[in-house]
J.: 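To start, I am sharing the structure in question, which I have written as structure tokens.
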Amino acid sequence: MAKILMKGNEAIAEAAIRAGCLNYFAYPITPQSEVAEYLSWRLPEVGGVFLQGESEVAVSYMVFGASACGERVFTTSSSPGISLMSEGISYIAAAQCPAVFVNIMRGGPGLGGILPSQADYNQSVKGGGHGDYRMLVLAPASVQEAAEMTMMAFPLAEKYRNPVMILGDGLIGQMMEPVEFSEELIAEPSNKDEWATSGMDTRKSDKRNLVKTLYLVPEELNEHNLFLKAKYDRMEQEEVRFVSYNIDADYTALIVSYGTMSRVCQTAIDNLKDEGIEVGMIRPQTLFPFPEKAVLDAASKEGCKVAFSIEMSMGQMLEDVERSVKGRCPVRWYGKCGGEVPTPEEVVDVVKSNI
Amino acid sequence: MGKTYQKPEALSDAYTHYCPGCTHGIIHRLVAEVIDELGIRRKTVGIAPVGCAVLAYNYFTFDFQESAHGRAPAMATGIKRVRPDLMVFTYQGDGDLASIGISEIIHSANRGEKFTTIFVNNAIYGMTGGQMAPTTMPEQRTTTSPAGRDVSKQGMPIRMVEMLSTLATPAYLSRQTVIRPKYVMRAKKAIKKAFEYQVEDRCFSLVELISTCPTNWGMTPQESIDWTENTLLKYYKLGEYKSPESTEEA
Amino acid sequence: MQSEVMFAGFGGQGILLSGKILAEAAMDEGYEVGWVPSYGPEMRGGTAYCTVVIGDRPIGSPIIKNPMHLVAMNRPSLEKFARIVKPGGVVFINSSLISVGSGRDDIDELKVPATEIAKNLGNERAANIVALAAFVARSKIVDFEVLKKTVKAEFAKKEKFIPLNMAACEEGRKAASK
């Protein structure tokens, strides 16, 4: 298949359809409205469902209802909208329903701005809603990767019966890059008869299914939470994904960065190399589960004197980097939060002034 | 002679957790009877609210989802849009539907979502212990309006069916009660119509049922029936507010 | 090697489209490309700009502090961005709307009355294609024939505009060689 030049938002929309997801509910918000605009004509073309809901709160429950029937479904939004959806996400995680949420992040807090940001790291990775739950969080760094991760997200959501989030910054949504869609079709989940409220007529068994989140008996609720935790532990075992850059060099510093920010760091690393300074990088592709071991190993390498968490947030990922580095070297933070993406030159200066 | 009266297949064997004098049990049974009569049990999905009826699914024998507070209509929208062949209903109380979930019910009704809502209005929050609801009557005492609802500060009770009937899209809107046998038969007819319209693929249908809460009203079951008749039904007038037939005539 | 082109002007001048066409042409030639828009509040205030990055290996930072080239369609854009262009780059100036120069002697300044040329062709809105063609002819950043093919493909769904835009390409090329 030939490459097409597409905006990240459109690539995500098209990738979802190619992943066999024909159900989409959403509420408009900059900088991701192109997803809804694209799907508003594209889904009817393939016989899918497109509905603009009355609010992000309602949308998260439309997703919940559809997902609880065992149908593939997704929504997209940006930071303030994800805050509103976080209620629904907590219920969906608790009810163990598969669903995909895309957050094309803009600056916060509050209305913030509409330019790129990564300030929803904690909200996504640590759980923005109430209770002990986790989402599997995928962080694309290019339009191609945004499309690939969208296609991956559905089977992952089904494997774990858990919400999966694609966490991109505004630039990933707005930028155009060549994209090539995989032709591979993803099989439907096989176990949905056991849990989905798809109507008893559609199943062989005569058992009715119930999708619920209320556990009034403390022992039962604790049991439920332990079950969920075991699932999140399994994600940590099986789903860690990351890319390393210049990691075989004898580097004196290590950068941990994701999304658009990691590309800026990559250019900075190239420029530093030209000046004779070697810097390695770990780019997490999954933010939960976080590539703890990769970061620890990279920071433990002889000669690595300092590690950096470079992010478009005020040190949210820093906590995970510090946790992973386990004191093997000092960890510094650099970032900006107003919507300006730091330039390679800034990253070069930060590295130089810390080694 | 065959059996003339039996438990509907759609109703389970569970013992009730509802208080003496509460009408949820009657309404559950009417819904189950209608589902049996229409033969739709195996393709029905119910949605339970947050409120006393959160455990409604324990009493039914078909697929059920449990919603967050007020969001049942959004969940029903999600189901019905992706699985239009399923018969979907929400079962909601007045705190759930008329307070926290008022946006979801209005927009679902206005989009003409093809599901049915059973709206049980007893003018108070039951499960959380008798707090004031948007439907609480003027001067009615609750745990958050101990001196009685002050309409100068809290406004007048919301009449949901009247409000929804200003919308052009919904197919069927009716208000009934089940406090006496004569009302029960009419209520069943309304519930049956509401489900039949869904079977016919018509737009949104809702039946409001004026109900009791002896426990939180601080009354005996008998007193609560009298209070419902003398106070609630004076303000919440029973009747059919909108039907496909009335719309066609207009 | 990597090269960056910044397109800037009023909203409605077809700035984002010019960038997209260049990116597609470069993609057709086998380059790695990125098209980075400004989508901030400025897009509501009237000025628009985007940067096209073209390289022979995967593109790192999409954030470009100093682009190689600039296509300025109005005066505020020239005044704002002329100084950040790398030495040796092409600075295209739409002289129909810009009465001043870039004020730099270390770049290749290309003045073309793009709006006027487009008007003479019968549609002012083709000024962006005149400018793009002139810029490509001068910078040789992509093959001119590939550019023409891409312009044609862009208007495939609005066929009646193809002759106009083909003429705009030719006029742009001519203007650049003057």
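Letters A, B, ... are given to chains in the order of the sequence lines, protein chains preceding strands, and every chain is numbered from 1.
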J.: Does any backbone or side-chain atom of B/Ile47 lie under 4.5 Å from a heavy atom of chain A? Answer side chain, backbone, both or neither.
T.: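 Interface part for B/Ile47: neither.
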J.: Using non-hydrogen atoms and a 4.5 Å limit, figure out which bit of A/Leu51 sits close to chain B: side chain, backbone, both or neither.
T.: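 Looking at A/Leu51, just its side chain touches chain B.
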J.: Can you say whether A/Ala95 sits under 4.5 Å from chain B via the side chain, the backbone, both, or neither, judging by heavy atoms?
T.: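 When you check distances to chain B, no heavy atom of A/Ala95 falls under 4.5 Å.
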J.: Taking atom types as modelled, which donor-acceptor pairs link chain B and chain A at under 3.5 angstrom?
T.:
from: B/Arg42; atom 1: O; to: A/Met200; atom 2: N; distance (Å): 2.8
from: B/Arg42; atom 1: O; to: A/Asp201; atom 2: N; distance (Å): 2.7
from: B/Arg42; atom 1: NE; to: A/Asp201; atom 2: OD1; distance (Å): 3.1
from: B/Arg42; atom 1: NH1; to: A/Asp206; atom 2: OD1; distance (Å): 2.4
from: B/Arg42; atom 1: NH2; to: A/Met200; atom 2: O; distance (Å): 3.2
from: B/Tyr57; atom 1: O; to: A/Arg208; atom 2: NH1; distance (Å): 3.2
from: B/Tyr57; atom 1: O; to: A/Arg208; atom 2: NH2; distance (Å): 2.6
from: B/Phe60; atom 1: O; to: A/Arg208; atom 2: NH1; distance (Å): 3.1
from: B/Phe62; atom 1: O; to: A/Arg208; atom 2: NH1; distance (Å): 2.8
from: B/Asp63; atom 1: OD1; to: A/Arg203; atom 2: NH2; distance (Å): 2.7
from: B/Asp63; atom 1: OD1; to: A/Asn209; atom 2: N; distance (Å): 2.7
from: B/Asp63; atom 1: OD2; to: A/Ser198; atom 2: N; distance (Å): 3.2
from: B/Asp63; atom 1: OD2; to: A/Gly199; atom 2: N; distance (Å): 2.8
from: B/Asp63; atom 1: OD2; to: A/Arg203; atom 2: NH1; distance (Å): 2.9
from: B/Asp63; atom 1: OD2; to: A/Arg203; atom 2: NH2; distance (Å): 3.2
from: B/Phe64; atom 1: N; to: A/Asn209; atom 2: O; distance (Å): 3.1
from: B/Phe64; atom 1: O; to: A/Val211; atom 2: N; distance (Å): 2.9
from: B/Gln65; atom 1: NE2; to: A/Gly65; atom 2: O; distance (Å): 3.3
from: B/Gln65; atom 1: NE2; to: A/Thr197; atom 2: OG1; distance (Å): 2.9
from: B/Glu66; atom 1: N; to: A/Val211; atom 2: O; distance (Å): 2.8
from: B/Glu66; atom 1: OE1; to: A/Thr213; atom 2: N; distance (Å): 2.8
from: B/Glu66; atom 1: OE1; to: A/Thr213; atom 2: OG1; distance (Å): 3.1
from: B/Glu66; atom 1: OE1; to: A/Leu214; atom 2: N; distance (Å): 3.0
from: B/Arg71; atom 1: NE; to: A/Glu87; atom 2: OE1; distance (Å): 3.1
from: B/Arg83; atom 1: NH1; to: A/Ser198; atom 2: O; distance (Å): 3.0
from: B/Arg83; atom 1: NH2; to: A/Ser198; atom 2: O; distance (Å): 3.2
from: B/Arg111; atom 1: NH1; to: A/Glu54; atom 2: OE1; distance (Å): 2.8

J.: Work out which heavy atom in B/Ala74 is nearest to a heavy atom in A/Ala58; give both atom names and the distance.
T.: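 Here B/Ala74 and A/Ala58 meet closest at CB-O, 3.4 Å.
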J.: Before giving the answer on side-chain contact (heavy atoms from CB on, under 4.5 Å), spell out for B/Val82 and A/Phe25 the whole-Å C-alpha distance, their side-chain angles and the decisive distance to 0.1 Å.
T.: CA-CA 11 Å; B/Val82 305; A/Phe25 300 90; 4.1 Å; yes
J.: Provide the closest heavy-atom pair for A/Gly199 versus B/Val45 in the form atom of the first, atom of the second, distance.
T.: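 The answer is N-CG2, 4.3 Å.
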J.: Run the salt bridge (charged side-chain N to carboxylate O under 4.0 Å, His left out) test against B/Glu196 and tell me which residues pass, sequence neighbours left out.
T.: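 B/Glu196: no salt bridge (charged side-chain N to carboxylate O under 4.0 Å, His left out) contacts found.
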J.: Where on B/Val54 is there a heavy atom nearer than 4.5 Å to chain A: the side chain, the backbone, both, or neither?
T.: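 Just the side chain, heavy atoms under 4.5 Å.
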J.: What part of B/Ile79 gets closer than 4.5 Å to chain A, counting heavy atoms only: side chain, backbone, both or neither?
T.: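 Both parts, backbone and side chain.
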